[in-house]
Structure formats: structure tokens, C-alpha cells
**Q** 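Here's a structure for you.
Per chain, numbering begins at 1; letters A, B, ... match sequence-line order. As the structure is a prediction and not an experimental result, all values here were calculated from the model.
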Protein chains: 2
Amino acid sequence: MTLAEKAYVSLRKDIVDGCFAPDSPLRLAELSERYRMGFSPLREALNRLQAERLVTAESLRGFRVSARSLAEFEDALHARLLVETEALRLSIAQGDDAWEASIVAALYALRRQTGRESSDVDELKTRHHAFHRALLAACGSDWLMNFFERLYAATERYRIPALLDAGPQKRDIDAEHGDIADAVLARDTTRAERLLRDHYLQTAAMIRSGMVESDAPLI
Amino acid sequence: MTLAEKAYVSLRKDIVDGCFAPDSPLRLAELSERYRMGFSPLREALNRLQAERLVTAESLRGFRVSARSLAEFEDALHARLLVETEALRLSIAQGDDAWEASIVAALYALRRQTGRESSDVDELKTRHHAFHRALLAACGSDWLMNFFERLYAATERYRIPALLDAGPQKRDIDAEHGDIADAVLARDTTRAERLLRDHYLQTAAMIRSGMVESDAPLI
DNA sequence: AATTCCAATATTTTCGAAAATCTTTATTGC
DNA sequence: GCAATAAAGATTTTCGAAAATATTGGAATT
């Protein structure tokens, strides 16, 4: 992996995780210090992230972390429902045995991690992402999958702080995931779409209620 | 505008216009010669275009123009219908007088240009794009508009060669645009969606039938 | 003849410094 | 005191060269 790719991966993770305060400037000198590399690979990574809307840029004034707002979250959520509903429909229509198996595997792995005491948050997030991707993976559309990844990252910036805030959950998220997987494996498109939609709306409600206006960095 | 921004705009235009053969390598030395600038701004632009899927990159082997294929076109078209149908619905539901006026203005400007003998293709493309954007502009969703722009560029790479190939058109495209605008201004969501969908499917049929397998540069 | 190895060349990637621009601070004039 | 101006400092942007890696072509080997 080149330095520019490492910079992209690290920056993306740190922005989604909230290590930088939303709307705060991303100064090259600081990033160069933090990630131990020169300006060139950092600028290349920042340009990619700008295209992905995780970072904003202004001529001769450098880059900033994209601001967070309730409006932007609602917008991303709405777009996500549109994209994922369609991708799920296609996936259910076209998925084969290997696709079904990958869903079972992703769900199993996710549950193993939610069950653990010593919760490695990073690993949990990875598996959560993998499960939701597995559901859509058979849709056969690179564009929809690309939009899914964009929107997942965009909304993850809101979900993580809410998750840490929330403390003990009323929801049984394992059960929600299980129900979605069941409906998908049963090829029940209508029910799968409804459950996925409800799953996101629940998360959204949690985020809305607990949304901190503070843009302080989380980590 | 910084050099990196100029590089982005120029490269994007030249790729969409087909000045570079699809799948051909974008060598820095050549680009540096062509656009009269150093490697740094070019690499930044290429990284942005990579995120937009107009360019592909491979570690230590540089950048290429994204390949074209019928499958990718069909995928982009499908995603476009999904996104634009939803954006149009929202736009019709929320648009105000200024939005209506901007549609009338965009349609007028587009027709002026299609009517001209000395057809400045660039200007025509700009106004065509502006009209289709105007229809959706009141949807209130930055994400959907962002996806619209991405997909517009992606499909434009297929439309332009087909347009040049096609010669005299059987379709009355001015009339199609007029009908869409009428339905939208009448707030007839169902009819507007159907007309927009048909408009794209007609264009798609034209592209499919005439799609040249050759990846030669167009200009 | 085909394969492997090595050198030569081409290309990408990265750095460090220079240039350009923005921001802050100090200074001047009113 | 306050606005306008200029100098100083901070930051981004760009370049040119160096480093790292890939590719090509040819010689040596099987």
C-alpha cells in the first residue's frame, strides 16, 4: 500500500470515528506530524475524501472535517433508505447460495462480537458493516454498492457518538439483525424491506434524541 | 482557482467528452505536458476523479480512464432512474415559484441552443445538463443531487458518442423536454416520472443500439 | 526455443524547499 | 479610540528532484 492509500484509510477512519471535531480545520503540518508522512500523500487522501463528502475544501484555505447537522443526517438517512431498499430488493431477487451463506456467516460473526464482554469496538463496527453489506452484496450494481458505502460512512459519524452516549440499550439489536436475515433468506422482499427500514428508523430515532450539538472530538 | 482545481475541471471534461480512450493509462508526464502543470495538482485531481469513478488507480501503476461497458452503462442508468425519480418526486412536492421559473428559463435556454444552426456542442451539453438539474433542484437533498451529478457524468460518457454517431434524430427531443417540464409545472408527479423515465429509456435504447465497442478517443 | 536473470529505462510516488496566499499583529494617520 | 495599512508569521499550494517501484529488452542458461 502506498503512503497516500494509508493516509486515506487512516484519515477516513479517524473522521468517521470522530477523532477530529466536525468542521475543524485539517492542517497539513498537524496531519504530517500525526501520520508521519509528507504533505503530498496527505493532500491526495484529502482530495479523495472531499469527493466523498467527508471533508470540505476551500481554495487556498485548505481542508476541514465536514460539519455535522441534523439536517444532513436526515438527508443521508433518507438517501440510504432509498438506495438500500432497492439494493436489497435486487439482492433478494438475484442472490445465490453463496450469497445466503455469506449472510449467515456475517450474522454469526457479528453476534459473536456483540456477545463478548471485552468489546473491541473497532471489530464490532467492522462486523456490523460487513453484515449490512452482505445483505446487499448480490444486488449486482456497483453504483448502488458505492452509494451504500458512502452513505454508511456518512451516517456512521452520527451513530457512533449516539452509541457511546446511549448506555444500556432498550433495543435487542441482535434480534433485529436476526429478523432481517430471516426475512432475506426466506426471500420475503416486503418483510425484509420493512424490517430493514424499521431498523434504520430506530437507530435514527436514537440518534435524533441523543444528538449532541457539541462538535467536540470523541477520541 | 488553484491549479489542482483547474486540473480537476479539465480532466473531468476531457474524460467525459471522450478525449482519452477508455481504459487507457493517464501518464503524468503526458498530462503534465498537456495541461502545463506539475505532477502534484494533477495527482490531486486524479484522486478526486478516482473517488468519482471516472478514473481507476492501482498502486504504483498509476491511473487509467475508467473502462466503458454495456453492463456499467445499464447499471448507471438504473441507479439514475432510482435517484432521479425520487429527487423529481421531492422536487415537485417542495418546489416554489422560483424553482418553477428556473425550469422555464432552463428549457428556454436549451431550446434556443438546439435551434441554432452553428451548434456549439459544449454549450448545448451545458444547457441540457442545466435543464435536467433544474428539474431536481428543489428536492432539498444534497446527497441525491450529488448522486445525480455523478451519474450524469457517468452516463454522459456513453451519450455523447451515440449522439455524434446517430446523425439525424427520429426523436423530437425538444418536445420530450417540453412535455416533462409541462408535467412538472402541473405538479403531476406520476406523469412527470413516467415521461422522465421514458426520456432516459429512449436515450438508453439509442446508446445500446449504437454502442461502439471501439474505445478510441473521440476528439 | 523457452525460461530465468539482470541491467537499463520508464513511471509512479514521495519529499523538502520555494512560491503564493491568507491571517494576525503592529503601526500609522485621522 | 478607530479604521486603514503594512509588516510578520502561518498555511496552503506548487515545483523539481530523489527515491521506490514497475517494465522492457537482452544475455545467459537449460
**Q** Can you tell whether the side chains of A/Arg116 and A/Glu123 come within less than 4.0 Å, N to carboxylate O?
**A**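 A salt bridge is absent here (no side-chain N lies under 4.0 Å from a carboxylate O).
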
**Q** Send over the distance from A/Leu28 CG to C/dT21 C1', rounded to a whole Å.
**A**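 After rounding, the gap between these two atoms is 14 Å.
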
**Q** Apply salt bridge (charged side-chain N to carboxylate O under 4.0 Å, His left out) to B/Asp122 and list each qualifying residue two or more places apart in sequence or on a separate chain.
**A** B/Lys13, B/Lys125

**Q** Counting only N and O atoms by type, is there a donor-acceptor contact under 3.5 Å from the side chain of B/Ser10 to the main-chain atoms of B/Lys6?
**A** yes

**Q** Under a 3.5 Å cutoff, is there a donor and acceptor pairing between the side chains of B/Glu84 and B/Tyr200?
**A** yes

**Q** Choose from D/dT12, D/dT14, C/dT13 the nucleotide whose nearest atom is closest to any side-chain atom of B/Ala4.
**A** D/dT14

**Q** Using heavy atoms and a sub-4.0 Å distance, could you list which residues of residues 48-60 of chain B are near DNA chain C? By number, please.
**A** B/Glu58, B/Ser59, B/Leu60

**Q** Please confirm whether the shortest side-chain N or O distance from A/Arg43 to OP1 or OP2 of D/dT12 is below 4.0 Å.
**A**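 For A/Arg43, the contact criterion (side-chain N or O under 4.0 Å from OP1 or OP2 of D/dT12) is not met.
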
**Q** Checking A/Phe39 now: which residues fulfil ring pair (Phe, Tyr, Trp, His ring centres under 6.0 Å) with it, not counting sequence neighbours?
**A**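 Once residues adjacent in sequence are excluded, A/Phe39 has no partner under the ring pair (Phe, Tyr, Trp, His ring centres under 6.0 Å) criterion.
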
**Q** For nucleotides 15-17 of chain C, print each protein N/O atom paired with a nucleotide N/O atom at under 3.5 Å, atom names and distance only.
**A**
residue, atom, partner, partner atom, Å
C/dC15, OP2, A/Gly38, N, 2.8
C/dC15, N4, A/Ser40, OG, 3.2

**Q** Round to the nearest Å and state the distance from B/Leu31 atom CG to C/dT13 atom P.
**A**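 The answer, rounded to whole Å, is 12 Å.
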
**Q** Check for a donor-acceptor pair, side chain of A/Arg68 on one end and backbone N or O of A/Arg157 on the other, with a separation under 3.5 Å.
**A** yes

**Q** For B/His78, check side chain to side chain contact (heavy atoms under 4.5 Å, CB included) against everything at least two apart and list the hits.
**A**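 Testing B/His78 for side chain to side chain contact (heavy atoms under 4.5 Å, CB included), a comparison that skips the adjacent residues, returns A/Glu86, A/Leu90, A/Leu144.
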
**Q** B/Tyr35: what forms a ring pair (Phe, Tyr, Trp, His ring centres under 6.0 Å) with it, not counting sequence neighbours?
**A** none

**Q** Would you say B/Arg61 reaches C/dT13's phosphate, i.e. side-chain N/O to OP1/OP2 under 4.0 Å?
**A**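 For B/Arg61, the contact criterion (side-chain N or O under 4.0 Å from OP1 or OP2 of C/dT13) is not met.
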
